[in-house]
Amino acid sequence: MSIELNRRSFVNGAVAVAGAAAMSPLIAACGGGGGNSETRRKGGTNSKKGAAAALPAYVPSTAVQADIPSTQGAGSALTDPGFLKYPATPVKSVPEVPGAGGHYTTLTPLWGTIPAANNSFYQAMNKALGATLTMKPANGVTYNNTIPTLTAARKLPDWVQLPGWWNSNFKVGELCGTQLADLTPYLAGDKVKKYPNLAALPTGAWSSCLWQDKLYGIPSFATGFGLPGQYFYRGDVFESKGINPDDVKSCDDLLNLGKELTDAKGGVWAFDDLWPYIFQMFDFSQKFTVTGGKLVHKYEQPEFIEALNWCYKVAKSGYVHPDALAGNNNDAKTRFYAGKVLITADGQGAWNAGDALAGVAANKNYRRASFKPFSADGSKPPRLFLSASAGEFSYLNANLKPAQIEECLRIANYLAAPYGTVEYAMVNFGVEGVDYTMGADGPAATKSGIANVQAQTYPFLATPVNVISNPGFPQVTKDRCAWNSEAAKYAYKPVFWNMNITVPNRYATADAGQAVEDTIKDVYHGIKPVSAFQDALSTWKGSGGGDALVAWYQTAVMDKLGTGQ
């Protein structure tokens with residue numbers, strides 16, 4: 001089991017709790033801290049000069065050579081490396097025991113069964129670390145309530161995970177520098193080179209840890225090439241029908257294919273819900289674009305209207321599964337596995353060994369594949385905006401002494417050891433012969449490993465950069481790496497990429513745009529015409545505060561601090 005699979009399991013659990021919107025990388029990219037009153041709210045936005053001074057240097061690791069190396073793309077994109085099998089001979093990346101005998105309490109969220117305190121794995125980890133970490137994972141379902149209670153009482157542990165999508169709830173902007181330690185003196189620039197595994201994390205992930213020109217967080221599950229999601233198709237079905245997916249080069253091509261694939265009487269529809277990533281075809285922005293030096297919200301971009309028009313047309317075509325039109329997204333994977341839907345939109349993490357196992361259980365020939373990126377009319381190259389480079393971050397308590405902070409950073413460096421190292425195996429699989437056995441496809445968990453290691457805790461404190469690894473399914477890794485390499489050519493940094501932005505309370509409703517979003521959903525489900533969106537947009541711009549929101553972003557963020565691109 002790799003970090004990729006572990007993170008997928010975590011994300012799925014969190015989605016069930018917080019909802020898909022709350023887990024969106026778009027939300028994780030720009031959450032902000034806030035206070036009880038607007039005058040007390042502290043933003044996390046950074047100046048270009050301040051961020052440059054605070055960011056750690058980037059030094060890629062050479063400890064382990066991937067089977068499929070990373071590909072450098074556009075917009076600073078760097079794809080995750082691929083491993084066709086687990087490295088047979090793990091190497092050490094941390095030559096010395098990192099700890100100095102310190103004792104630290106930790107708090108991390110866990111969506112699952114919490115392991116027993118001081119279990120054998122925790123004991124073995126403490127021995128390997130040379131320090132005592134008292135691991136206290138808490139119920140992820142109620143974690144958003146647990147943290148505010150602790151911060152109100154100023155009783156945060158020594159080391160705590162604060163997921164980025166709850167930045168606003170946790171008032172992280174206020175906690176930085178008061179209850180959370182400033183790591184800038186320890187990690188900025190070349191100082192991070194004392195911790196080589198931390199230095200190997202992508203710069204974009206560290207950018208998400210900056211608050212007011214200072215570095216506070218340590219990223220987990222970072223990537224150099226994150227996209228919100230993509231479009232998948234049943235590769236086995238396409239092959240059996242003699243369909244060449246590369247012939248789909250525009251939205252018209254896709255709609256024509258929808259007609260060919262749909263057999264409503266036979267219980268087969270071409271499409272599931274296509275809206276989630278439609279911006280990849282129609283090229284409207286994540287939230288803002290800049291035109292003539294002015295911010296333009298995505299709602300007001302012509303491409304957004306074009307996308308709505310097209311999706312409304314698709315909804316009325318008869319080529320979309322009725323349950324998708326009814327908003328039942330929970331069963332989307334089941335429909336895809338069963339072949340009732342042949343084209344679907346899903347997150348990047350859907351393409352893995354777990355998916356292959358589930359799909360093959362439904363159909364022995366199952367194979368997930370993904371369309372090469374294309375633009376709406378096929379006349380110009382597609383553009384894919386990058387999502388946040390990381391969405392989960394750990395922080396150290398501001399009460400720790402400098403020597404303690406340095407000890408914790410050495411421990412974080414151990415936890416961030418690359419895939420295929422001795423340290424990675426320890427953190428993610430435990431003790432060989434106790435928590436796992438080494439098989440042909442890599443480490444296989446024992447009962448002890450399932451109970452104590454797979455319910456992950458340490459990776460929420462620090463991890464290496466993500467890798468693509470699917471034990472037993474090397475073709476999945478090959479397919480996904482090949483797609484990423486192609487897609488990375490079209491990547492770009494969106495406006496305010498990886499910036500922590502605190503939106504004042506008076507603009508919070510306009511920023512959420514819930515009334516507009518509800519109308520948008522009705523349009524792409526074919527319930528309301530596109531004119532209903534235009535009416536909702538007019539209300540949002542005026543009495544809904546949309547114009548005022550855009551003006552605030554323009555003057556308070558972009559004009560002063562830039563776009564983060």
Side-chain angles (χ1 to χ4, degrees), residues 21 24-32 43-52 55 73-77 164-165 167-168 202-213 223-229 277-307 375 381-391 488 490-504 507-508 510-513 516-517 537 540-541 545-565:
S24 166
L26 310 189
I27 300 300
C30 58
T45 310
N46 308 284
S47 66
K48 186 174 183 179
K49 182 178 179 181
L55 283 171
S76 299
W165 56 90
N167 277 344
S168 182
T203 300
W206 288 113
S207 297
S208 298
C209 300
L210 294 176
W211 296 85
Q212 301 170 21
D213 289 345
T223 179
F225 180 60
L227 298 177
Y277 312 116
I278 200 67
F279 51 77
Q280 293 184 347
M281 301 178 192
F282 284 88
D283 192 22
F284 59 85
S285 67
Q286 177 188 32
K287 189 166 189 173
F288 291 109
T289 192
V290 178
T291 302
K294 297 295 183 182
L295 283 178
V296 180
H297 196 279
K298 67 177 181 180
Y299 293 159
E300 298 186 82
Q301 293 166 28
E303 296 85 355
F304 193 89
I305 292 287
E306 293 172 9
S375 62
R383 284 175 15 106
L384 311 178
F385 63 69
L386 295 169
S387 57
S389 301
Y490 310 111
Y492 73 95
K493 299 176 183 178
V495 174
F496 305 139
W497 184 60
N498 284 327
M499 291 174 66
N500 289 309
I501 298 175
T502 299
V503 178
Y507 301 126
D511 200 38
V516 184
E517 292 295 328
L537 175 60
W540 175 81
K541 284 171 58 63
D547 283 344
L549 169 74
V550 175
W552 178 83
Y553 268 102
Q554 176 82 43
T555 58
V557 184
M558 193 183 89
D559 289 349
K560 293 181 179 179
L561 304 167
T563 64
Q565 294 172 299

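Atom set for the values below is all heavy atoms of this structure, side chains included, hydrogens, waters and symmetry mates excluded.
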Heavy-atom closest pair, residues [X] and [Y]:
{"X": "A390", "Y": "A205", "result": "CB-CB, 4.0 Å"}
{"X": "G546", "Y": "A510", "result": "N-CB, 4.0 Å"}
{"X": "A307", "Y": "I278", "result": "CB-CG2, 4.0 Å"}
{"X": "S375", "Y": "P382", "result": "N-CB, 4.0 Å"}
{"X": "G75", "Y": "L386", "result": "O-CD1, 3.5 Å"}

Do [X] and [Y] come close enough that some side-chain heavy atom pair is under 4.5 Å?
{"X": "W540", "Y": "E517", "answer": "no"}
{"X": "F385", "Y": "P228", "answer": "yes"}
{"X": "D283", "Y": "Y490", "answer": "no"}
{"X": "N167", "Y": "W211", "answer": "yes"}
{"X": "Y553", "Y": "L549", "answer": "yes"}
{"X": "L537", "Y": "E300", "answer": "yes"}

Rounded to the nearest 0.5 Å, how far apart are [atom1] of [X] and [atom2] of [Y]?
{"X": "L561", "Y": "K49", "atom1": "CG", "atom2": "NZ", "answer": "13.5 Å"}
{"X": "T563", "Y": "M558", "atom1": "OG1", "atom2": "CE", "answer": "7.5 Å"}
{"X": "L295", "Y": "D559", "atom1": "CG", "atom2": "CG", "answer": "7.5 Å"}
{"X": "E306", "Y": "F284", "atom1": "CD", "atom2": "CZ", "answer": "10.5 Å"}
{"X": "M499", "Y": "L210", "atom1": "CE", "atom2": "CG", "answer": "10.0 Å"}
{"X": "S76", "Y": "F225", "atom1": "OG", "atom2": "CZ", "answer": "12.5 Å"}

Please report the C-alpha distance between Q212 and T502 in whole Å, then the side-chain angles of each, then the deciding distance to 0.1 Å, and finally whether the side-chain contact (heavy atoms from CB on, under 4.5 Å) criterion is met.
CA-CA 11 Å; Q212 301 170 21; T502 299; over 6 Å; no

Is there a donor-acceptor contact under 3.5 Å from the side chain of N500 to the main chain of S208?
yes

With distance as the sole test, does Q286 use its side chain to make a donor-acceptor pair with the main-chain N or O of K493 at under 3.5 Å?
no

Give the C-alpha distance, both sets of side-chain angles, the deciding distance and a yes or no for side-chain contact (heavy atoms from CB on, under 4.5 Å) between W497 and S389.
CA-CA 9 Å; W497 184 60; S389 301; 3.3 Å; yes

Mutual orientation of the aromatic rings belonging to F496 and F288 [parallel < 30°, tilted 30-60°, perpendicular > 60°]:
perpendicular

Could you label the plane-to-plane angle of the Y277 and F279 rings as parallel, tilted or perpendicular, counting under 30° as parallel and over 60° as perpendicular?
perpendicular

State whether a side-chain donor-acceptor pair under 3.5 Å links T289 with Q301.
no

